[in-house]
Structure formats: C-alpha cells, structure tokens
Amino acid sequence: MQLSEQEIIRREKLEKLRDLGIEPFPAALFPVDHTSKKIKETYEEGKKVVISGRLMSRRIQGKASFAELQDSEGRIQVYFNRDEICTGEDKTKYNDVYKKLLDIGDFIGVEGTLFTTQVGEKTVMVNDFTLLSKTLRPLPLPKVDSEGNVYDEFNDPEQRYRMRYVDLVVNPKVKDVFVKRTKIMNTIRQFYNDMGFLEVETPILQPIPGGAAARPFMTHHNALNIPLYLRIANELYLKRLIVGGFDGVYEFAKDFRNEGMDRTHNPEFTVMEMYAAYKDYNWMMDTTEELLEKIAIELHGSSKVLLDGKKIDYKAPYKRIGILDAIKEHTGHDLYQKSEEEVREACKAMDIEVDETMGIGKMIDEIFGEKCEHLYVQPTFIIDYPVEMSPLTKKHRSKSGLTERFELIVNGKELANAYSELNDPIDQRERFEEQLKLSEKGDDEAMFIDQDFLRALEYGMPPTSGIGIGIDRLTMFMTDSHSIQDVLFFPQMKPERKKVAMTEEEKAVFNILKSHSPMDLNVLKEQSGLSNKKWDKTIKGLTKNKLAKVSKSNDGLFVEIAE
C-alpha cells in the first residue's frame with residue numbers, strides 16, 4: 001500500500017504515542033455525560049462536564065490553545081492551557097502529546113469546566129484529555145481565505161457517496177437529511193400504530209418475485225437446491241396476512257429491482273406498504289393526504305415544502321383525475337376502450353417509441369410518462385387505470401375496463417401507488433395468465449403466477465385497500481434533495497477505479513470534462529489552452545488510461561469521460 005506523506009507522518013506519531021505509554025486505540029469506556037448541544041442548552045458557568053468527539057480545528061498560541069470538538073450533535077469550543085492540564089513539572093502531555101502528536105480528526109475525550117470567553121462563546125476549559133482514537137488519514141477539510149473564499153471542499157458526488165463516513169464528518173448539513181429520513185419513518189409508524197395497525201416483516205428471499213412488474217435479482221439456495229429471488233415487492237405476503245385475519249398491516253421493506261440506475265432509481269430501495277381490510281381506494285386517498293400533511297408539518301412546521309425552487313403544498317385535499325382523462329386533456333387522444341392496435345397507432349402519432357412486446361398497459365404508461373406526468377407539480381391523484389396496467393387491482397365498480405387504482409404524482413414523479421385490492425381468485429388467476437402471455441411475447445417485467453397466493457385468495461380475503469410509498473423518494477421530496485444517492489447512506493456504486501497518476505495538463509483537461517461531458521474535441525482543445533504537441537500527448541494519456549474516450553458522430557469528434 002502506497003502511503004502519502006501525511007499518512008506516513010501520522011503513523012510515525014502513532015509509534016511515538018506508544019513509546020510514551022499511550023495506547024492510540026484504547027478499549028476502556030470513556031464516561032461521557034454531556035454533548036455539545038446539551039452544554040449549550042443547559043449551560044451553567046463553572047459546571048464540570050465530560051465530553052468526547054473529533055478534534056476539528058486548533059489555534060495554538062504557546063502554552064494555550066483554542067480548539068473545536070465535534071460530536072454527534074454539533075461543535076463546541078474547548079480551551080487547552082498547559083498549566084491547567086500539566087499541574088506538575090512534567091509538561092509532556094501538553095507540549096508533546098497535544099501540540100505535536102495529535103492531529104485534526106483524532107477522537108479525544110475531555111474532562112473540563114464550563115466558562116464564557118470575553119467574546120461571549122460558551123467554552124470548555126480542559127482539565128484533562130484522553131486520546132480515544134488516532135486517525136491515520138487526514139480529513140478533506142475546506143479552507144476559507146481572508147476574503148471568505150472556500151477551497152478544497154469535499155463536494156465531488158462520487159467521492160461523497162463512496163466515502164459517506166467522510167462526507168458526514170466534513171459536511172454537517174448531510175446528516176440533517178438522514179435525521180429527517182428517520183423522522184419521516186417514525187411519523188409513518190406512529191400514524192399507523194395510532195390506527196391500530198401492526199408492523200410486520202415478510203420474506204426478502206422469495207420463490208416467486210411477485211407484487212410488481214419488474215426484473216428481479218436471482219440467487220440459488222444450496223441446501224434446498226432451488227432458485228430464489230430478492231423480492232421486488234412485499235405486497236402478496238402482506239395480503240396473505242389479511243387473509244389470515246389481520247385488519248391492518250404495514251412494513252418498511254427493502255426491495256430489489258435489477259434495472260437501470262439514475263438520480264431517482266437505486267437497485268436497492270425502501271418502500272412502505274400498508275394494507276387495510278374493509279377499505280377501498282377512496283378511503284386510501286383520504287388517509288394518504290392526512291399522512292403526508294402530517295409528515296410535512298412534523299419536519300417543517302408547515303404543509304408547504306420547498307422542492308426544486310417550487311413550493312409544494314401537502315395540505316389536503318389533492319386534485320384527482322383519471323389517467324385516460326389526463327392523456328385526453330394533454331394530448332387530445334381519447335384511449336378509453338381502444339384496442340391494442342389503436343393504442344399503438346396513437347403512440348406512433350405522438351412519436352412515442354413502441355414495440356410488439358408492449359401491451360396496452362405498457363403503451364398507456366409510456367404515453368402518460370412522456371406527455372403528462374411532468375405537468376403535475378402539486379400533489380395529484382392519477383386514478384382509474386386500465387385493467388391491463390393493474391394485474392392486482394379490483395375492477396372499477398362503475399367504469400368498464402378500468403380499475404380502482406391511483407398513483408400519487410408530486411413534482412412530476414410518482415410518490416405512491418395504491419389500489420382497491422383484487423380479492424376475486426378467479427379474476428386474479430385470469431390476470432396472472434394475461435401477464436404470462438406478455439412474458440411469452442418478450443416482456444421481461446411481466447408478473448409471475450404465484451400459485452400459493454391464488455390458493456390464499458381462495459380461502460377468502462375481505463375487501464381491502466393497499467398502498468406503497470417509496471421512502472427514498474419521499475425523503476427526497478421532503479428534504480429538497482435532487483438525487484436518490486443524497487438520501488441513501490451507502491448508494492450502489494460502480495467498483496472504484498484504481499487511481500491513475502495524471503500530469504497537470506491531463507488533470508486540467510479532465511476537470512473541464514467533469515463539468516461538461518461529452519464535449520466537442522476542438523472546443524475542448526481550445527478551452528485547454530495547450531499547444532498542439534501538449535494537446536496530443538494529453539489526450540493520448542487520458543484515453544490510454546481509460547479516463548476519457550473519443551467518439552465520432554455526424555457532428556464531428558467528441559470527448560467524454562469514460563464509464
């Protein structure tokens with residue numbers, strides 16, 4: 001392992017600490033009795049406190065030093081005085097351990113007394129300190145010059161997501177998103193618990209990947225010698241519990257879909273699904289409005305939440321419109337009770353790409369997604385989906401060919417999906433068989449037939465309504481986050497590339513590409529400011545090390561960062 005100069009120096013300090021008889025990674029409990037937040041909220045001049053955290057800054061002035069300690073709840077100023085810490089003749093602990101052998105990022109424990117500085121800052125006078133953990137890598141801390149300009153910020157998205165442990169330390173606002181995520185889940189739990197519903201757990205490894213139309217991850221169970229799938233949804237198991245006699249159940253489930261990744265999709269995601277016996281989708285819409293309004297107020301003190309520069313108001317009631325009515329309103333095409341061929345012709349007329357594997361449901365989904373969805377910014381229930389789009393949904397009680405289903409759209413994106421659940425086992429079997437036909441036509445997202453679920457329905461399921469709410473997306477909406485990676489502690493990433501040493505010219509060109517890729521080769525060359533000879537050497541170096549690639553199109557040569 002090749003170490004940087006800083007890493008070598010820190011390892012040398014590690015050995016010097018041990019030579020002094022100081023264990024850099026002690027095992028003993030440290031008796032913390034205060035946090036930075038508690039000190040500020042319950043401040044008493046002269047009070048004795050014991051705190052711990054990372055050393056985040058120091059201003060050493062001879063035999064005294066002001067520093068900042070960062071714990072789980074913020075930062076607090078601490079004051080080191082040599083004669084206070086080293087009351088005898090031996091000043092090693094301050095002169096050598098504190099001044100020379102500690103580094104920014106080290107965990108220390110402090111026993112001290114509270115006082116207020118001349119400028120009014122609440123501070124801990126250090127009576128004694130203990131090294132709790134030595135850091136062997138320097139933190140990428142931002143620096144601010146005399147004019148207030150910030151340098152060396154840890155803001156590269158890939159590095160932030162890959163090293164979330166560093167991101168949380170040096171970018172304090174990041175933590176707030178995850179605290180709010182937990183508050184969202186706790187609010188949902190309390191809401192359903194107050195309704196008398198039961199939180200449950202259902203299998204993640206499933207013999208049939210049912211409950212949604214999606215491509216699953218597949219694995220193999222050696223002991224049973226059978227294929228298994230990571231669940232794409234927990235719906236069918238929760239319905240089994242309604243069959244079994246529970247009136248209301250919900251689950252926060254990790255689901256997995258072996259599909260594309262972008263700023264709103266991760267292959268592993270969290271969904272909350274809830275099922276209530278003796279209810280329908282009208283009740284579910286009313287309940288969902290109440291829940292989301294409550295979440296917004298719990299997080300922000302208001303039903304209005306800022307998202308992408310827009311104020312989204314979660315106060316009930318929300319607009320409700322049929323999906324076919326929305327398509328007719330925004331495209332002029334009336335697709336109600338149209339044949340598959342008629343819908344395909346409508347897609348072609350609207351320049352929507354379709355193929356022979358797509359049935360009516362998928363084509364209508366494409367039309368709505370391309371022509372309508374983005375137009376619904378404020379919370380809107382899109383209701384009454386065609387039967388072909390809803391294999392698990394009860395047929396509409398008054399509109400032929402439609403089902404009692406809704407999707408909640410916020411800021412042009414789906415946030416929730418809900419039904420009056422199909423509880424007719426004969427109808428359900430026919431719907432599954434239709435899905436099987438789609439699978440045979442080449443639709444790799446069509447649902448499997450779950451024979452055990454059909455058997456459960458044959459034992460009888462009462463009228464039921466169910467809903468799924470994506471927790472990751474809900475957190476994005478409630479925290480004004482623009483990427484799903486921002487609300488996942490550890491999002492899925494491509495394998496980390498080995499670092500390639502670049503010349504200064506290569507770094508400069510690569511940085512231009514990072515902000516604008518792909519880029520016309522001639523434009524990139526011009527922006528680089530390199531001579532012809534240096535340009536040729538630089539672009540060859542980047543392509544040879546697979547950091548960039550050059551491609552040809554009708555518009556010329558383009559350079560982009562290599563995937």
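A salt bridge does not link Glu7 to Arg10: none of the charged side-chain nitrogens sits closer than 4.0 Å to a carboxylate oxygen. For the pair Glu199 and Arg189, the salt-bridge criterion is met [side-chain N within less than 4.0 Å of a carboxylate O]. Taking 4.0 Å as the cut-off between side-chain N and carboxylate O, Lys93 and Asp128 count as a salt-bridged pair. In summary, Asp167 and Arg164 engage in a salt bridge, as defined by a charged side-chain N under 4.0 Å from a carboxylate O. The pair Lys91-Asp83 meets the salt-bridge criterion, with a side-chain N (NZ, NE, NH1 or NH2) lying under 4.0 Å from an Asp/Glu carboxylate O.
Minimum heavy-atom separation, Gly53 to Leu69: O-CD1, 3.7 Å. Of all non-hydrogen atoms in Ile484 and Asp262, the two that sit nearest each other are CG2-O, 3.9 Å.
Sequence neighbours left out, the pairs with a member in residues 474-489 that pass salt bridge (Lys or Arg N to Asp or Glu O under 4.0 Å) are Arg160-Asp486. Residue pairs meeting the salt bridge (Lys or Arg N to Asp or Glu O under 4.0 Å) criterion with at least one partner in residues 18-40, sequence neighbours excluded, are Glu15-Arg18, Arg18-Glu23.
No donor-acceptor pair closer than 3.5 Å links the side chain of Arg54 to the backbone N or O of Gln70. Side chain of Tyr314 to main chain of Glu290: no donor-acceptor pair is present (N/O by atom type, distance under 3.5 Å, no hydrogens or angles). At least one donor-acceptor pair closer than 3.5 Å links the side chain of His300 to the backbone N or O of Met478.
Applying the 6.0 Å contact sphere to NZ of Lys16 captures no more than 12 heavy atoms from other residues, nucleotides or ligands. Counting heavy atoms of neighbouring residues, nucleotides and ligands inside a 6.0 Å radius, atom NZ of Lys99 exceeds 12 of them. Atom NZ of Lys315 has 12 or fewer heavy atoms from other residues, nucleotides or ligands within 6.0 Å. Dense packing is recorded around CD of Glu45, with more than 12 heavy atoms of other residues, nucleotides or ligands lying under 6.0 Å away. By the neighbour-count criterion of 12 heavy atoms within 6.0 Å, atom CZ of Phe246 is sparsely surrounded, having that number or fewer from other residues, nucleotides or ligands. For His374, the NE2 atom counts as densely surrounded, since its 6.0 Å shell holds more than 12 non-hydrogen atoms of other residues, nucleotides or ligands.
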For this session: Could you walk me through whether Tyr192 and Gln190 pass side-chain hydrogen bond (donor to acceptor under 3.5 Å, both in side chains), step by step?
Result: CA-CA 6 Å; Tyr192 289 134; Gln190 190 63 52; over 6 Å; no

For this session: Please step through side-chain contact (heavy atoms from CB on, under 4.5 Å) for the pair Met261 and Asn266, ending with a clear verdict.
Result: CA-CA 5 Å; Met261 293 172 59; Asn266 194 64; 4.2 Å; yes

Problem set entry | side-chain hydrogen bond (donor to acceptor under 3.5 Å, both in side chains) evaluation trace for Thr270 with Lys254 | CA-CA 5 Å; Thr270 303; Lys254 282 288 186 184; 3.2 Å; yes

For this session: Test Thr538 against Ser528 for side-chain contact (heavy atoms from CB on, under 4.5 Å), laying out the working first.
Result: CA-CA 10 Å; Thr538 298; Ser528 72; over 6 Å; no

For this session: Please lay out, stage by stage, how Glu73 and Thr35 fare under the test side-chain hydrogen bond (donor to acceptor under 3.5 Å, both in side chains).
Result: CA-CA 7 Å; Glu73 296 189 343; Thr35 64; 2.9 Å; yes

Exercise. So Glu121 and Thr123, side-chain hydrogen bond (donor to acceptor under 3.5 Å, both in side chains) or not? Walk me through it.
Worked result: CA-CA 6 Å; Glu121 183 158 1; Thr123 305; 5.5 Å; no

For this session: Decide yes or no on salt bridge (charged side-chain N to carboxylate O under 4.0 Å, His left out) for Glu273 and Arg231, but give the supporting numbers first.
Result: CA-CA 13 Å; Glu273 290 205 27; Arg231 70 177 168 205; over 6 Å; no

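Of the options Arg240, Glu251, Glu235, a side-chain contact (heavy atoms from CB on, under 4.5 Å) to Tyr275 is made by Glu235 and by none of the others.
At least one side-chain heavy atom of Leu291 sits less than 4.5 Å from a side-chain heavy atom of Ile469.
In this pair, Tyr98 and Phe80 present their aromatic rings parallel. The plane angle is below 30°, not in the 30 to 60° band.
Cation-pi contact between Arg181 and Phe178: absent, since separation from the ring centre below 6.0 Å together with deviation from the ring axis within 45° is not met.
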